[in-house]
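Quick notes on the structure that follows.
Order of appearance sets the numbers: ligands from 1, and atoms from 1 within every ligand. Numbering of residues begins at 1 and proceeds along the displayed sequence. Nothing here was measured: the structure is a model prediction, and the numbers come from that model.
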Amino acid sequence: MARGRFITFEGGEGTGKSTQVGRLVERLSATGLEVVRTREPGGSPGAEAIRDLVVSGTADRWSPRTELLLMYASRSDHLERTIRPALEAGSWVVCDRFANSSRAYQGAGGGAAADLIETLDREIVGGDQPDLTLVFDLPVEVGLERALGRGAAETRFESKGLEFHRRLRDGFATIAMRYPERCRLIDATGTPDEVADRVWAAVQPVLP
Ligand code: TMP
């Protein structure tokens, strides 16, 4: 049984990533592939319990360093219980956010030390790095307006202020340049159909 492929979606708030995760899962499934849709933080019962801790409450509830440890605790459980078993069974895994979100939110945005992030990543993710990471890019004001307009309960990160979100956008772009072999920057402006076509074009190289 050939190992499945691992595709992750990344980007700031309100970039339309989650809609496009759904579109890609449908399109891949239609080609006959077995596809598992998942998300971070979360994606396994233990990791979802950690998600509840990190996405709600006041903006300063956790320091960026504590947040980073919680994100990697949730990622460890998610990899053990969901991602690795699915890839080993030959399924493709499409994940809404993964480690680049820790590098951007806790690192570039929050100021957590890069060497701590990379040490955790080596230990926890190791060789199970994504085959492809699609990084959604959108002007910060547009994304935040969309995200806050949703009126969701999980607003802890949205409430961190415009400067934080500007550092995030730059952070995501810089991280994508640091891993050019797997990261593709996706222009997230335009209609959902236009963005879905850009995503599909970016996925072609990893298709069987
Ligand atoms: P979501 O709204 O895309 O589901 O993500 C929940 C929040 O978690 C989002 O505001 C970004 C944040 N997050 C981090 O700060 N670090 C991480 O490593 C991950 C995966 C998410």
Would E67 and K160 pass as an ion pair if we require N to O under 4.0 Å?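 Between K160 and E67 there is a salt bridge, with a charged N closer than 4.0 Å to a carboxylate O.
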Is any NZ, NE, NH1 or NH2 atom of the basic residue among E118 and R103 found under 4.0 Å from an Asp or Glu carboxylate oxygen of the other?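 Here E118 pairs with R103 in a salt bridge, since their nearest N and O are under 4.0 Å apart.
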Close N/O pairs between ligand 1 and protein, under 3.5 Å:
| unit_1 | atom_1 | unit_2 | atom_2 | d |
| --- | --- | --- | --- | --- |
| ligand 1 | 3 (O) | K17 | NZ | 3.4 |
| ligand 1 | 3 (O) | R97 | NE | 2.6 |
| ligand 1 | 4 (O) | R51 | NH1 | 3.3 |
| ligand 1 | 4 (O) | R51 | NH2 | 2.9 |
| ligand 1 | 5 (O) | R97 | NE | 3.2 |
| ligand 1 | 10 (O) | E13 | OE2 | 2.6 |
| ligand 1 | 15 (O) | Q106 | NE2 | 2.8 |
| ligand 1 | 16 (N) | Q106 | OE1 | 2.9 |
| ligand 1 | 18 (O) | R75 | NH2 | 3.0 |
| ligand 1 | 18 (O) | S102 | N | 3.1 |
| ligand 1 | 18 (O) | S102 | OG | 2.5 |

When the side chains of residues 108-117 are checked against the rest of the protein, which donor-acceptor pairs come out under 3.5 Å, sequence neighbours left out?
none

Give a yes or no on whether the ring-centroid distance for F6 and F98 is below 6.0 angstrom.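 So the answer is yes for these two rings.
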For A173, enumerate each residue passing the side-chain contact (heavy atoms from CB on, under 4.5 Å) test, keeping only those at least two apart in sequence or located in another chain.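 Residues passing side-chain contact (heavy atoms from CB on, under 4.5 Å) with A173: none at all.
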Among pairs that include at least one residue of residues 196-208, which meet side chain to side chain donor-acceptor pair (under 3.5 Å), considering only residues two or more places apart or in two chains?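 As it turns out, there is no side chain to side chain donor-acceptor pair (under 3.5 Å) pair with a partner in residues 196-208 once direct neighbours are skipped.
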